Visitor: 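Pasting a structure here, questions to come.
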Protein chains: 2
Amino acid sequence: MAKTDVLTLAILGMLSEQPLHGYQLRKQLGSELGAFRALSYGSLYPALKRMVGSGLIAADANEAEDAHAATSRRSRIAYRLTDEGKKRLADELASAGASSWDDDAFDVRFSMFDKTDSATRLRILEGRRSRLAERLEEVSESMQQRRERNDAYTTELQRHGLERVEREVQWLDQLIETERSAPGGNTKAATGGENN
Amino acid sequence: MAKTDVLTLAILGMLSEQPLHGYQLRKQLGSELGAFRALSYGSLYPALKRMVGSGLIAADANEAEDAHAATSRRSRIAYRLTDEGKKRLADELASAGASSWDDDAFDVRFSMFDKTDSATRLRILEGRRSRLAERLEEVSESMQQRRERNDAYTTELQRHGLERVEREVQWLDQLIETERSAPGGNTKAATGGENN
DNA sequence: AAACCGTTGTATCGGCGCGATACATCGAGT
DNA sequence: ACTCGATGTATCGCGCCGATACAACGGTTT
C-alpha cells in the first residue's frame, strides 16, 4: 500500500471537484489552504508527474472545446482523476489518515471535511487535539527546566508559542463540541452556526 | 557578501555562548526556539560541515581534559566560533536582517534580541508587523472573493488562520510599544528581570 | 499597427531540509 | 553479565523551494 503524502492528497481533493491545469491548481491550493500558501512549481509539476506515473491522475493535453481554431494553441495540460485516483481519495477520506495530525496534513484533511462522515471528522479532530496536547506538555516542560538560563526575550518567545498552541486546542475543542452536538452533518453545512 | 541563512545564523548565535557538540546544539536549538523544534541531523551535520568549510566555525576534536585515558575515547567534536564567525554574527545582529521577517527567521532573530540594540529591535519588529499586515490583506481579500465557492469547513479554516495572524499582529504591537517606552535596554534585562 | 505589459502556462536546476537508518560508546539499573 | 536509554557522529534518498527560463495570450498605450 503506497502511502499518500500531503501534497498528493491535496491535489486529489482539488481535482475531484473538476479537472484543472497545473497553474490553476497552484492558485486554488494557495488561496484555499493555509498550507501551500506559496506552493512552488518546483514541487507541483514533479508531483503531478509522479502522480501520472503512479496512475492516480491522467493528463489531457489541450482538447479544444471550440473546433474552429484547430492549429496553433499554446500548450496546456488539464489533469483529471483516474478511477484509481478516485479510489485512493475515497480510501484516504475514510481512513482518518493516521498522520493527519501534522500541521500541514491537518489543514489539508480539514478542508475536505465535507467529503467525510462525522465519525471520521471526530477522530481526526481528536487526534489532532491530543497531538497538540503532547506538544504542549513537552514545550512547557522544557520551559520549566531552562527558565533560569534563558534571557527575557527567549522566554517571551516560548510563552507566546505556548499560548498559540493553547488557543489552537481551544479552537479544536469548540469544533469537537459542535461536531458532537450536530453529528448529522454529512455534507455541507456544519460549523458556522446559524448565520444562513 | 555571502548571505547567511536561518540555520547558520541560529548556530552562530548558539555557539557564541559556548562551544557545543552537534548533539547538544540540536537539543538547545530544539528547546529554545519555536523554529527548529525538530531539527534533524540530516540538516545539522551538513550545515556544520558547510560552516567549517566557509571558515565561520572550527572543530575541536575531543581534547581530553583528563590525561589518564589516552586511547579509546569516543569521537566527539566541539564546535566554536572563529573570528570570522564572530564578525559575521556581529554584522548580522546589526543589520536588521532584510529577511528577518519570515516565520522561522523572525523567531531566530527574536531569540537574539538581547544581543542587539534597541533601534534594530524596533526595525525588526516593525518589519515583521508590516509583513504580517500584508499577508492579512491578501488572505482576507481572497476570502472575500471565494466566499461563495467554499464549503463551511474551508471557510472556518480560513477564518481561523486569519484570526491567528491577527493575534500575532497584536502581540507585535505590544512588543513595539514596550520597546518604545523602554528603549534603554541594550543587553540583558528587559521584561523578566535580572537574575545574574 | 506596433510596442508594451501583466497574466496564464509549462518546465527544470541546484541546493538544502527531512526522515530513516546505521553505528558506537557510556552510565545506570537488575 | 545484560539490557536499556542517552549521547554522539554520519550518510542516503527523496521531496520541496526559490530562481529562472521560455512562450503565448489579452489588453492598453502610443
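Quick note on labels: first sequence line is chain A, next is B, and so on, each numbered from 1. Nothing here was measured: the structure is a model prediction, and the numbers come from that model.
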Visitor: For residues 44-57 of chain A, please give each side-chain donor-acceptor pair under 3.5 Å, one per line with the distance, not counting sequence neighbours.
Guide:
residue	atom	partner	partner atom	Å
A:S54	OG	A:R50	O	3.2
A:S54	OG	A:M51	O	3.4

Visitor: Under the rule for side-chain hydrogen bond (donor to acceptor under 3.5 Å, both in side chains), what residues qualify as partners of A:T154, not counting sequence neighbours?
Guide: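 By the side-chain hydrogen bond (donor to acceptor under 3.5 Å, both in side chains) rule, A:T154 matches A:D151.
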Visitor: Tell me every residue that passes salt bridge (charged side-chain N to carboxylate O under 4.0 Å, His left out) with A:E177, counting only those two or more places apart in sequence or in another chain.
Guide: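 Residues passing salt bridge (charged side-chain N to carboxylate O under 4.0 Å, His left out) with A:E177: none at all.
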Visitor: Once you round it to whole Å, what is the distance between P of C:dG17 and CG of A:D103?
Guide: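 These atoms are roughly 19 Å apart.
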Visitor: Taking only residues two or more places apart in sequence or in another chain, which ones pass salt bridge (charged side-chain N to carboxylate O under 4.0 Å, His left out) with B:R37?
Guide: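 Salt bridge (charged side-chain N to carboxylate O under 4.0 Å, His left out) check on B:R37 returns nothing, list empty.
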Visitor: For residues 19-31 of chain A, which side-chain donor-acceptor pairs fall under 3.5 Å, sequence neighbours excluded?
Guide:
residue	atom	partner	partner atom	Å
A:Q24	OE1	A:H21	N	3.0
A:R26	NE	A:L39	O	2.5
A:R26	NH2	A:L39	O	3.4
A:S31	OG	A:K27	O	3.3
A:S31	OG	A:Q28	O	3.3

Visitor: Salt-bridge test for A:D83 and A:K87: reply yes if a basic N is under 4.0 Å from a carboxylate O, no otherwise.
Guide: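 Judged by the 4.0 Å cut-off on N to carboxylate O distance, A:D83 and A:K87 do not form a salt bridge.
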Visitor: If you assign B:K27 and A:A47 each to the DNA chain D nucleotide with the nearest heavy atom, which residue ends up on the more 5' nucleotide?
Guide: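 The answer here is B:K27.
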Visitor: Can you tell me if the side-chain N/O atoms of A:R26 get under 4.0 Å from OP1 or OP2 in D:dC16?
Guide: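 No, outside the criterion.
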Visitor: Taking atom P of C:dG17 as reference, at what distance in whole Å does atom CG of B:L44 sit?
Guide: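 One finds 10 Å between P of C:dG17 and CG of B:L44, rounded.
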Visitor: Show the distances under 3.5 angstrom between N or O atoms of the protein and N or O atoms of nucleotides 9-12 of chain D.
Guide:
residue	atom	partner	partner atom	Å
D:dT9	OP1	B:I77	N	2.9
D:dT9	OP1	B:I77	O	3.2
D:dT9	OP2	B:G22	N	3.1
D:dT9	OP2	B:Y23	N	3.0
D:dT9	OP2	B:Y45	OH	2.9
D:dT9	O5'	B:Y45	OH	3.4
D:dT11	OP2	B:K49	NZ	3.0

Visitor: Send over the distance from B:Q28 CD to D:dT7 C1', rounded to a whole Å.
Guide: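 Result: 14 Å.
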